[in-house]
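Just below is one structure, and these are the notes that go with it.
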Amino acid sequence: MAAPREARLIRPHPRTTRHKQRTDHARHATRAARQDQTPAIPADHRRTSKENIMAKVAVIGLGIMGLPMAKNLVTAGHRVTGYNRSPEKAQELAQAGGTAAGSVAEAVKDAEVIITMVPDSPDVQDVVGGEDGVFANAPQGALWIDASTIRPDVAVNLADAAREAGIRPLDAPVSGGEQGAIDAALSIMVGGEATDFEAAQEVLNGVGKTIVHVGPSGSGQTVKAANQLIVAGNIQLLAESVVFLEAYGVDTDAALKVLGGGLAGSKVLDQKGQKMLDRNFDPGFRLALHNKDMGIVTAAAREAGVTIPLGAVVAQLVSALVARGDGGLDHSGLFKLANELSGGDEK
(Lines give C-alpha, C1' and ligand atoms only; values in the text may rest on other atoms or scores of the structure.)
Protein backbone atom coordinates (compact mmCIF):
# COMPACT_ATOMS: atom_id res chain seq x y z
CA MET A 1 0.00 0.00 0.00
CA ALA A 2 1.32 3.48 -0.83
CA ALA A 3 2.45 5.62 2.04
CA PRO A 4 0.01 8.37 3.08
CA ARG A 5 0.57 11.69 1.35
CA GLU A 6 2.03 13.43 4.36
CA ALA A 7 4.77 10.80 4.82
CA ARG A 8 6.00 10.62 1.22
CA LEU A 9 9.22 12.26 0.18
CA ILE A 10 8.60 15.33 -1.90
CA ARG A 11 10.45 14.88 -5.17
CA PRO A 12 12.37 17.79 -6.65
CA HIS A 13 10.24 19.64 -9.16
CA PRO A 14 11.74 20.28 -12.61
CA ARG A 15 13.87 23.39 -12.39
CA THR A 16 11.94 26.51 -13.18
CA THR A 17 13.14 29.83 -14.46
CA ARG A 18 13.40 32.62 -11.97
CA HIS A 19 10.37 34.82 -12.17
CA LYS A 20 10.68 38.50 -12.98
CA GLN A 21 10.54 40.68 -9.94
CA ARG A 22 7.34 42.69 -9.61
CA THR A 23 7.24 45.76 -7.49
CA ASP A 24 3.55 46.60 -7.88
CA HIS A 25 2.40 44.93 -4.68
CA ALA A 26 -1.31 45.59 -5.05
CA ARG A 27 -1.45 44.22 -8.63
CA HIS A 28 0.31 41.07 -7.56
CA ALA A 29 -2.05 40.50 -4.62
CA THR A 30 -5.07 40.77 -6.92
CA ARG A 31 -3.53 38.41 -9.47
CA ALA A 32 -2.62 35.85 -6.79
CA ALA A 33 -6.13 35.91 -5.34
CA ARG A 34 -7.71 35.50 -8.78
CA GLN A 35 -5.47 32.79 -10.25
CA ASP A 36 -4.47 30.73 -7.24
CA GLN A 37 -7.25 31.53 -4.80
CA THR A 38 -4.63 32.42 -2.20
CA PRO A 39 -5.44 35.24 0.20
CA ALA A 40 -4.49 38.68 -1.05
CA ILE A 41 -2.41 40.94 1.17
CA PRO A 42 -4.84 43.01 3.24
CA ALA A 43 -5.68 46.43 1.86
CA ASP A 44 -4.14 48.20 4.83
CA HIS A 45 -0.86 46.39 4.13
CA ARG A 46 -0.61 47.53 0.50
CA ARG A 47 1.84 50.23 -0.35
CA THR A 48 2.44 52.46 -3.28
CA SER A 49 5.31 54.44 -4.78
CA LYS A 50 8.65 54.20 -2.95
CA GLU A 51 7.13 52.20 -0.11
CA ASN A 52 6.69 49.21 -2.43
CA ILE A 53 10.10 47.80 -1.62
CA MET A 54 9.66 48.15 2.14
CA ALA A 55 7.92 45.44 4.10
CA LYS A 56 7.01 44.83 7.70
CA VAL A 57 9.08 41.73 8.43
CA ALA A 58 9.12 39.54 11.52
CA VAL A 59 12.13 37.29 12.06
CA ILE A 60 11.69 34.46 14.55
CA GLY A 61 15.00 32.94 15.61
CA LEU A 62 18.02 35.24 15.85
CA GLY A 63 20.88 32.79 16.05
CA ILE A 64 24.05 32.44 13.98
CA MET A 65 22.05 32.73 10.77
CA GLY A 66 18.88 34.54 11.76
CA LEU A 67 20.45 37.62 13.35
CA PRO A 68 22.65 38.63 10.38
CA MET A 69 19.72 37.95 8.05
CA ALA A 70 17.52 40.26 10.12
CA LYS A 71 20.22 42.95 10.19
CA ASN A 72 20.57 42.78 6.41
CA LEU A 73 16.82 43.24 6.02
CA VAL A 74 17.09 46.39 8.15
CA THR A 75 19.92 47.59 5.91
CA ALA A 76 17.75 46.88 2.86
CA GLY A 77 15.12 49.28 4.21
CA HIS A 78 12.56 46.87 5.63
CA ARG A 79 10.90 47.39 8.99
CA VAL A 80 12.10 44.40 10.98
CA THR A 81 10.85 43.04 14.29
CA GLY A 82 12.72 40.12 15.82
CA TYR A 83 12.03 37.56 18.49
CA ASN A 84 14.43 35.09 20.06
CA ARG A 85 14.18 32.92 23.15
CA SER A 86 17.38 34.60 24.34
CA PRO A 87 16.22 38.25 24.56
CA GLU A 88 19.72 39.72 24.22
CA LYS A 89 19.70 38.69 20.55
CA ALA A 90 16.54 40.70 19.95
CA GLN A 91 18.17 43.65 21.69
CA GLU A 92 21.15 43.35 19.38
CA LEU A 93 18.76 43.61 16.43
CA ALA A 94 17.17 46.68 18.03
CA GLN A 95 20.61 48.31 18.28
CA ALA A 96 21.01 47.71 14.53
CA GLY A 97 17.77 49.55 13.75
CA GLY A 98 15.16 46.83 14.16
CA THR A 99 12.60 46.28 16.89
CA ALA A 100 12.74 43.71 19.69
CA ALA A 101 9.60 41.71 20.48
CA GLY A 102 8.87 39.85 23.68
CA SER A 103 6.96 36.99 22.07
CA VAL A 104 6.18 35.36 18.73
CA ALA A 105 2.67 36.81 18.85
CA GLU A 106 3.98 40.34 19.37
CA ALA A 107 6.53 39.98 16.58
CA VAL A 108 4.05 38.82 13.91
CA LYS A 109 0.90 40.77 14.77
CA ASP A 110 1.39 43.41 12.04
CA ALA A 111 3.85 41.55 9.82
CA GLU A 112 3.46 41.21 6.08
CA VAL A 113 6.32 38.72 5.89
CA ILE A 114 7.36 36.29 8.62
CA ILE A 115 10.70 34.47 8.50
CA THR A 116 11.36 31.56 10.83
CA MET A 117 14.95 30.40 11.32
CA VAL A 118 15.05 27.78 14.06
CA PRO A 119 17.01 24.51 14.44
CA ASP A 120 14.66 21.61 13.69
CA SER A 121 11.18 20.40 12.73
CA PRO A 122 9.78 20.43 16.32
CA ASP A 123 11.06 23.98 16.81
CA VAL A 124 9.23 25.20 13.70
CA GLN A 125 6.06 23.43 14.82
CA ASP A 126 6.35 25.11 18.23
CA VAL A 127 6.70 28.66 16.89
CA VAL A 128 3.91 28.44 14.31
CA GLY A 129 1.35 26.50 16.36
CA GLY A 130 -0.65 27.25 19.48
CA GLU A 131 -2.37 30.36 20.76
CA ASP A 132 0.83 32.39 20.79
CA GLY A 133 2.17 31.07 17.48
CA VAL A 134 2.50 32.49 14.00
CA PHE A 135 -0.65 30.98 12.53
CA ALA A 136 -2.92 32.29 15.28
CA ASN A 137 -1.52 35.83 15.31
CA ALA A 138 -0.24 36.79 11.85
CA PRO A 139 -2.50 38.89 9.60
CA GLN A 140 -4.50 37.11 6.93
CA GLY A 141 -2.53 36.94 3.66
CA ALA A 142 0.87 37.33 5.30
CA LEU A 143 3.76 35.45 3.72
CA TRP A 144 5.49 32.88 5.92
CA ILE A 145 9.01 31.97 4.81
CA ASP A 146 10.52 29.09 6.75
CA ALA A 147 14.28 29.37 6.31
CA SER A 148 14.92 26.52 8.75
CA THR A 149 16.14 23.12 7.57
CA ILE A 150 13.48 20.53 8.42
CA ARG A 151 11.97 17.30 7.11
CA PRO A 152 10.23 17.66 3.72
CA ASP A 153 7.08 15.88 4.93
CA VAL A 154 6.80 18.24 7.90
CA ALA A 155 7.19 21.20 5.54
CA VAL A 156 4.26 19.93 3.45
CA ASN A 157 2.04 19.41 6.51
CA LEU A 158 2.83 22.86 7.89
CA ALA A 159 2.21 24.47 4.50
CA ASP A 160 -1.27 22.91 4.45
CA ALA A 161 -1.92 24.17 7.99
CA ALA A 162 -0.70 27.65 7.06
CA ARG A 163 -3.07 27.88 4.11
CA GLU A 164 -5.96 26.81 6.33
CA ALA A 165 -5.01 29.71 8.63
CA GLY A 166 -4.94 32.16 5.71
CA ILE A 167 -1.14 32.38 5.64
CA ARG A 168 0.88 31.95 2.42
CA PRO A 169 3.73 29.46 3.05
CA LEU A 170 7.14 29.06 1.44
CA ASP A 171 9.77 26.59 2.58
CA ALA A 172 13.03 28.38 1.83
CA PRO A 173 16.04 26.76 3.51
CA VAL A 174 19.35 28.50 2.92
CA SER A 175 22.94 27.53 2.21
CA GLY A 176 26.09 29.59 2.64
CA GLY A 177 26.72 29.37 6.36
CA GLU A 178 27.31 32.24 8.75
CA GLN A 179 29.47 34.17 6.29
CA GLY A 180 26.83 33.91 3.59
CA ALA A 181 24.25 35.24 6.04
CA ILE A 182 26.53 38.14 7.03
CA ASP A 183 27.25 38.99 3.40
CA ALA A 184 23.59 38.64 2.28
CA ALA A 185 24.88 36.10 -0.25
CA LEU A 186 22.90 33.02 0.73
CA SER A 187 21.70 30.45 -1.76
CA ILE A 188 17.97 29.98 -1.18
CA MET A 189 15.95 27.04 -2.52
CA VAL A 190 12.25 27.83 -2.37
CA GLY A 191 9.24 25.54 -2.38
CA GLY A 192 5.65 26.78 -2.63
CA GLU A 193 3.28 28.57 -4.99
CA ALA A 194 4.94 30.52 -7.79
CA THR A 195 2.91 33.64 -7.06
CA ASP A 196 3.92 33.57 -3.40
CA PHE A 197 7.54 33.17 -4.48
CA GLU A 198 7.19 36.31 -6.62
CA ALA A 199 5.67 38.23 -3.72
CA ALA A 200 8.60 37.27 -1.49
CA GLN A 201 11.29 38.41 -3.93
CA GLU A 202 12.02 41.80 -2.36
CA VAL A 203 12.58 40.29 1.06
CA LEU A 204 14.55 37.29 -0.21
CA ASN A 205 16.78 39.63 -2.21
CA GLY A 206 17.75 41.29 1.06
CA VAL A 207 19.36 38.12 2.41
CA GLY A 208 20.33 36.02 -0.60
CA LYS A 209 22.15 36.06 -3.89
CA THR A 210 21.05 32.86 -5.65
CA ILE A 211 17.30 32.50 -5.14
CA VAL A 212 15.49 29.77 -7.09
CA HIS A 213 11.94 28.45 -7.02
CA VAL A 214 12.37 24.66 -7.13
CA GLY A 215 8.77 23.43 -7.02
CA PRO A 216 5.75 22.99 -4.74
CA SER A 217 5.73 22.98 -0.94
CA GLY A 218 8.39 20.65 0.47
CA SER A 219 10.65 20.89 -2.57
CA GLY A 220 12.91 23.49 -0.97
CA GLN A 221 13.58 21.17 1.95
CA THR A 222 14.28 18.23 -0.36
CA VAL A 223 16.82 20.27 -2.34
CA LYS A 224 18.40 21.43 0.95
CA ALA A 225 18.79 17.80 2.01
CA ALA A 226 20.73 17.16 -1.20
CA ASN A 227 22.81 20.26 -0.49
CA GLN A 228 23.76 18.98 2.96
CA LEU A 229 24.70 15.60 1.52
CA ILE A 230 27.07 17.24 -0.97
CA VAL A 231 28.58 19.60 1.63
CA ALA A 232 29.24 16.86 4.19
CA GLY A 233 30.88 14.66 1.57
CA ASN A 234 33.07 17.52 0.36
CA ILE A 235 34.17 18.45 3.87
CA GLN A 236 35.11 14.86 4.69
CA LEU A 237 37.16 14.45 1.49
CA LEU A 238 38.85 17.82 2.08
CA ALA A 239 39.73 16.69 5.61
CA GLU A 240 41.23 13.45 4.33
CA SER A 241 43.19 15.37 1.68
CA VAL A 242 44.69 17.74 4.26
CA VAL A 243 45.71 14.78 6.45
CA PHE A 244 47.29 13.17 3.35
CA LEU A 245 49.19 16.34 2.41
CA GLU A 246 50.47 16.91 5.93
CA ALA A 247 51.72 13.32 6.16
CA TYR A 248 54.05 14.05 3.25
CA GLY A 249 55.23 17.39 4.61
CA VAL A 250 53.80 19.33 1.69
CA ASP A 251 53.39 23.11 1.88
CA THR A 252 49.68 22.87 2.59
CA ASP A 253 48.95 26.55 2.00
CA ALA A 254 50.44 26.28 -1.49
CA ALA A 255 48.74 22.94 -2.07
CA LEU A 256 45.27 24.24 -1.26
CA LYS A 257 45.87 27.30 -3.42
CA VAL A 258 46.64 25.24 -6.53
CA LEU A 259 43.92 22.69 -5.79
CA GLY A 260 41.43 25.53 -5.50
CA GLY A 261 42.27 26.68 -9.02
CA GLY A 262 41.49 23.33 -10.61
CA LEU A 263 38.61 20.88 -10.77
CA ALA A 264 39.05 20.12 -7.08
CA GLY A 265 38.23 23.73 -6.25
CA SER A 266 35.02 24.40 -4.35
CA LYS A 267 33.44 26.78 -1.88
CA VAL A 268 34.02 24.11 0.75
CA LEU A 269 37.76 24.22 0.04
CA ASP A 270 37.76 28.03 0.03
CA GLN A 271 35.84 28.37 3.30
CA LYS A 272 36.96 25.31 5.27
CA GLY A 273 40.49 24.50 4.12
CA GLN A 274 42.20 27.21 6.15
CA LYS A 275 40.14 26.34 9.23
CA MET A 276 41.53 22.83 9.04
CA LEU A 277 45.11 24.05 8.59
CA ASP A 278 44.68 26.39 11.56
CA ARG A 279 42.81 23.80 13.66
CA ASN A 280 40.20 26.51 14.14
CA PHE A 281 36.77 24.96 14.47
CA ASP A 282 34.83 27.92 15.85
CA PRO A 283 31.28 27.29 14.65
CA GLY A 284 29.90 28.80 11.49
CA PHE A 285 27.64 25.78 11.12
CA ARG A 286 27.73 23.36 14.03
CA LEU A 287 28.31 19.64 13.66
CA ALA A 288 25.21 19.03 15.77
CA LEU A 289 23.05 20.73 13.16
CA HIS A 290 24.73 18.92 10.28
CA ASN A 291 24.13 15.68 12.16
CA LYS A 292 20.43 16.54 12.29
CA ASP A 293 20.48 17.34 8.57
CA MET A 294 22.20 14.07 7.69
CA GLY A 295 19.47 12.29 9.60
CA ILE A 296 16.95 14.01 7.33
CA VAL A 297 18.96 12.97 4.25
CA THR A 298 19.30 9.31 5.21
CA ALA A 299 15.64 8.99 6.24
CA ALA A 300 14.43 10.67 3.05
CA ALA A 301 16.72 8.53 0.89
CA ARG A 302 15.41 5.39 2.56
CA GLU A 303 11.83 6.54 2.00
CA ALA A 304 12.54 7.10 -1.69
CA GLY A 305 14.42 3.81 -2.09
CA VAL A 306 17.65 5.65 -2.95
CA THR A 307 21.04 4.25 -1.94
CA ILE A 308 23.62 6.75 -0.67
CA PRO A 309 26.60 4.63 0.48
CA LEU A 310 29.14 7.47 0.73
CA GLY A 311 26.58 9.74 2.36
CA ALA A 312 25.75 7.05 4.91
CA VAL A 313 29.42 6.71 5.90
CA VAL A 314 29.84 10.48 6.29
CA ALA A 315 26.62 10.60 8.32
CA GLN A 316 28.13 8.08 10.73
CA LEU A 317 31.35 10.06 11.03
CA VAL A 318 29.41 13.24 11.81
CA SER A 319 27.32 11.33 14.34
CA ALA A 320 30.45 9.90 16.00
CA LEU A 321 31.88 13.38 16.55
CA VAL A 322 28.61 14.62 18.03
CA ALA A 323 28.34 11.54 20.28
CA ARG A 324 31.76 12.18 21.78
CA GLY A 325 30.96 15.80 22.58
CA ASP A 326 32.17 17.73 19.53
CA GLY A 327 28.71 18.79 18.33
CA GLY A 328 29.43 22.45 19.10
CA LEU A 329 32.33 22.59 16.64
CA ASP A 330 32.09 23.82 13.07
CA HIS A 331 31.40 21.02 10.61
CA SER A 332 34.96 21.43 9.36
CA GLY A 333 35.71 19.62 12.64
CA LEU A 334 35.34 16.43 10.60
CA PHE A 335 39.07 16.97 10.13
CA LYS A 336 39.69 16.05 13.78
CA LEU A 337 38.37 12.53 13.33
CA ALA A 338 40.08 12.04 9.97
CA ASN A 339 43.36 13.13 11.53
CA GLU A 340 43.01 10.92 14.59
CA LEU A 341 42.13 7.85 12.52
CA SER A 342 45.48 8.35 10.78
CA GLY A 343 47.37 8.62 14.06
CA GLY A 344 47.50 12.40 14.20
CA ASP A 345 47.16 14.57 17.28
CA GLU A 346 43.78 15.39 18.82
CA LYS A 347 44.20 19.18 18.74
Side-chain angles (χ1 to χ4, degrees), residues 6 10 13 16 18-47 52-61 69 73 78-81 104-105 107-118 124-125 127-129 133-148 150 152 154-174 188-208 211-221:
E6 61 271 15
I10 303 304
H13 192 275
T16 58
R18 184 173 176 178
H19 293 268
K20 288 180 64 179
Q21 184 175 330
R22 289 168 171 79
T23 58
D24 189 337
H25 206 124
R27 182 178 64 186
H28 167 71
T30 302
R31 179 171 176 265
R34 183 178 67 250
Q35 293 184 352
D36 292 283
Q37 297 181 337
T38 54
I41 290 179
D44 60 350
H45 282 186
R46 298 173 189 164
R47 297 178 299 278
N52 273 338
I53 64 170
M54 295 183 64
K56 295 179 181 177
V57 183
V59 180
I60 311 300
M69 290 169 67
L73 289 171
H78 300 292
R79 290 165 284 179
V80 182
T81 300
V104 172
V108 305
K109 64 180 181 179
D110 295 317
E112 296 164 305
V113 180
I114 299 120
I115 297 174
T116 48
M117 175 55 96
V118 294
V124 178
Q125 292 168 321
V127 299
V128 299
V134 172
F135 295 167
N137 293 281
Q140 292 285 294
L143 283 164
W144 168 47
I145 303 171
D146 184 29
S148 316
I150 65 173
V154 172
V156 172
N157 291 339
L158 290 177
D160 289 341
R163 293 187 184 100
E164 290 178 4
I167 308 299
R168 297 186 289 166
L170 293 169
D171 53 288
V174 304
I188 309 176
M189 45 228 81
V190 187
E193 296 291 335
T195 48
D196 295 337
F197 171 71
E198 292 175 14
Q201 282 289 295
E202 287 290 354
V203 169
L204 293 175
N205 285 342
V207 296
I211 306 164
V212 181
H213 181 230
V214 295
S217 294
S219 299
Q221 296 296 349

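No option in V113, N205, V57 other than V57 meets the side chain to side chain contact (heavy atoms under 4.5 Å, CB included) test with L73. For the pairing with S148, the side chain to side chain contact (heavy atoms under 4.5 Å, CB included) check across I60, V118, D171, I115 returns one residue only, V118.
Residues T81 and A107 approach most closely at CG2-CA, 3.9 Å, considering heavy atoms. Annotation for P173 and G220: closest pair CG-O, 3.2 Å, computed over non-hydrogen atoms. When all heavy atoms of P169 and D196 are compared, the pair lying nearest together is O-OD2, 4.4 Å. Closest approach of F135 to L158, counting heavy atoms only: CZ-O, 3.7 Å. Of all non-hydrogen atoms in S217 and V156, the two that sit nearest each other are O-CG2, 3.4 Å. Among all heavy-atom pairs drawn from A155 and G218, the shortest one is CB-CA, 4.2 Å.
Looking at H213, its side chain never comes within 3.5 Å of a backbone N or O of G191 through a donor-acceptor pair. Between the side chain of Q140 and the backbone N or O of A165 there is at least one donor-acceptor pair closer than 3.5 Å.
Between V59 and M69, the closest side-chain pair of non-hydrogen atoms is not below 4.5 Å. Proximity of L143 to E112: side-chain heavy atoms (C-beta onward) are nowhere separated by under 4.5 Å. In this structure, M117 and V174 have side chains that are in contact, with non-hydrogen atoms separated by less than 4.5 Å. Proximity of I188 to V207: side-chain heavy atoms (C-beta onward) are separated by under 4.5 Å at one or more points. The side-chain heavy atoms of L170 and W144, taken from C-beta on, include no pair separated by under 4.5 Å. When side chains are defined from C-beta on, R163 does not count as touching R168, because their heavy atoms never get closer than 4.5 Å. Residues I145 and I114 fail the side-chain proximity criterion, which asks for heavy atoms closer than 4.5 Å. Considering only heavy atoms from C-beta on, V154 comes within 4.5 Å of Q125 through its side chain.
Note that the OG1 atom of T116 and the CG atom of D146 stand 3.5 Å from one another [nearest 0.5 Å].
With respect to K56 and D110, no salt bridge is recorded, no charged nitrogen being found less than 4.0 Å from a carboxylate O.
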